[in-house]
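The figures that follow rest on heavy atoms only: side chains count, while hydrogens, waters and symmetry mates do not. Keep in mind that what you see is a predicted model, and the values were worked out from it rather than measured.
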Amino acid sequence: MGSSKRNKIKKAFSPSHTDIPPAGSTQDDNDLMNDLLAELDSRDQTVQGESATVLAEMQAAADSEGIDKASGQKQDAKSRYQARQARKAAALAQNYAPSDPEADARLEKEAKQEEISIKRTCDEMGVQIHEINPDGHCLFSAIADQLAILDILPPAQANYVTVRIAASTYIFTHPNDFLPFLPCPGGEDGAGATDNTGLMTPRQFEQYCVTIRDTGAWGGEPEILALSKVYRVPIHVVQGGIPPVVVHDPLSTSQTHIGRDRKAVRISFHRRMYGLGEHYNSLRPKSGLTQVTDKIQSILS
C-alpha cells in the first residue's frame, strides 16, 4: 500500500491523538512480502503458484546474502529482517508445491474432520458459516461482517480497513497488554531475542502495529483480543480442536463465561479449509440472536 493511500486511510479512520507513526522507508519492501503471503491464500491455483515462485526466488536471494555474511560481509538490520521473512515465506510456499499422494490424502482427511467438527458445533449453536474471501484480511473481514450484523458498525464502515485500524491503534496504545505475547521478528533464535526477556523493541512494536494496519498481514489472537476491547463485545471463535469454542470477553477474566443477555461476535477458525493455511469465516445466525446465545451457553457450561 502506497504512502498516499495509507495517509488517506489513517486520516479517515484514526483519531489524531492515537495515530501510529508512519512506516519507514523499508515499508514498501515489507508490503511486497505481505502481499505475496496474502496471495498464497487465493483459491486460484495459478495465483498460488506464481506467488510461491516469487517467494522461492526471494529465499534464494536470502541464501545469497547468507553466503556474503559467511564471507565476512556484515548485514544491516534491514537485510537480516528481509532474510528472516524470506525464509518464513519459503517455508509457507512449500505447502503449495506438488506433494506425494499420501500427504495429500492425509491433509484432505484432516480438513474433512475439521469441517465436520466445526459444522457440528455451529449446528448446536444455531449458526451457519458465511464464507469470507481468503485474501489475507479474512479475520478482519469476518469480524467486520459480525459488527454490521450486531449494528455495532454501520454497513459503510464494516470492512477490513476499519477493523484493521481499530486493532492496530488499540494495540499501539496499550503496549503493556500485548508486548509479552508478541514474539521478536526473528523468533527465539533471532538477534535480541534474549534481551529484555525477548520482547520487541519499541521500533519493532511500532512496525508490527503499522503492518497490521496497512498490509495484508494475517491477524490472530492479539488482534482478536484487541477488537473485543475496542468494540466492548465478546468474540467467540469456533474451531475444530478443544475447546470447540474459545471466548474472548472484554468484561470478564474467565474464558468460559458469557452473559445470556449480551451480544457477541461469532467467527470460525479453520486450519485446513480449502487446503489453505489458517482462515477465518463469519458465523451468521440461522434464527434469532437470543436463541443462539442460550445454545452457546449450554455448550460452554
Side-chain angles (χ1 to χ4, degrees), residues 1-3 5-38 62 75-89 91-92 136-140 143 160-232 235 237 248 250 278 280:
M1 180 179 293
S3 59
K5 185 175 182 180
R6 181 184 307 119
N7 290 335
K8 289 180 181 178
I9 294 173
K10 177 179 172 183
K11 181 178 179 182
F13 294 99
S14 298
S16 59
H17 65 283
T18 58
D19 282 351
I20 301 171
S25 60
T26 63
Q27 185 63 35
D28 288 342
D29 294 333
N30 296 336
D31 285 352
L32 172 60
M33 177 66 68
N34 285 309
D35 288 343
L36 288 168
L37 290 172
Q75 292 179 304
D76 58 19
K78 174 183 175 182
S79 297
R80 290 195 299 272
Y81 175 77
Q82 291 177 331
R84 288 194 299 269
Q85 289 292 87
R87 287 194 295 272
K88 183 188 301 184
L92 288 171
H137 302 293
C138 59
L139 170 64
F140 305 98
I143 292 179
Y160 70 78
V161 175
T162 302
V163 178
R164 275 189 176 278
I165 290 174
S168 63
T169 300
Y170 187 89
I171 293 172
F172 183 72
T173 55
H174 297 79
N176 293 336
D177 294 340
F178 294 93
L179 271 174
F181 307 101
L182 296 175
C184 290
E188 295 180 356
D189 300 326
T194 58
D195 300 334
N196 299 319
T197 66
L199 300 181
M200 289 182 174
T201 65
R203 175 56 185 164
Q204 289 170 337
F205 179 67
E206 174 187 312
Q207 184 60 55
Y208 176 89
C209 295
V210 168
T211 298
I212 291 300
R213 184 191 67 191
D214 291 347
T215 75
W218 296 324
E221 290 289 313
E223 290 69 43
I224 294 174
L225 176 60
L227 290 168
S228 73
K229 298 285 188 180
V230 170
Y231 295 108
R232 296 181 62 81
I235 298 180
V237 184
H248 298 268
E278 298 177 352
Y280 291 89

Identify the two heavy atoms, one from Ile235 and one from Ile224, that lie closest to each other, and give their separation to 0.1 Å.
CD1-O, 3.5 Å

How long is the straight-line distance from CD of Gln207 back to CG of Asp214, given to the nearest 0.5 Å?
9.0 Å

Check Ala217 against Thr211 and note the closest heavy-atom contact, atom names and distance.
CB-CG2, 3.6 Å

Specify the closest pair of heavy atoms between Ile171 and Ala226, including all atoms of both residues, with the distance to one decimal.
CG1-CB, 3.7 Å

Any chance you could lay out the side chain to side chain contact (heavy atoms under 4.5 Å, CB included) test for Phe178 and Leu225, step after step, and finish with the verdict?
CA-CA 9 Å; Phe178 294 93; Leu225 176 60; 4.1 Å; yes

Suppose we call two aromatic rings close when their centres sit under 6.0 Å apart. Are Tyr170 and His174 close by that rule?
yes

Exercise: identify the closest heavy-atom pair between Pro175 and Pro180:
O-CD, 4.3 Å

Test of understanding: with side chain to side chain donor-acceptor pair (under 3.5 Å), list the residues that count as partners of Tyr208, not counting sequence neighbours.
Glu223

Got a second to check how far Phe205's CZ is from Leu182's CG, nearest 0.5 Å?
6.5 Å

I'd like to know if the side chain of Thr169 reaches the main chain of Ala166, judged simply by a donor and an acceptor atom lying under 3.5 Å from each other, with no hydrogens or angles considered.
no

Hits for ring pair (Phe, Tyr, Trp, His ring centres under 6.0 Å) against Phe140, two or more places apart or cross-chain, chain-then-number order -> none

Under 3.5 Å, side chain of Arg164 to main-chain N/O of Ile212, donor-acceptor pair present?
yes

In sequence, state the C-alpha distance, the side-chain angles, and the governing distance for His248 and Glu221, and then conclude on side chain to side chain contact (heavy atoms under 4.5 Å, CB included).
CA-CA 9 Å; His248 298 268; Glu221 290 289 313; 2.9 Å; yes

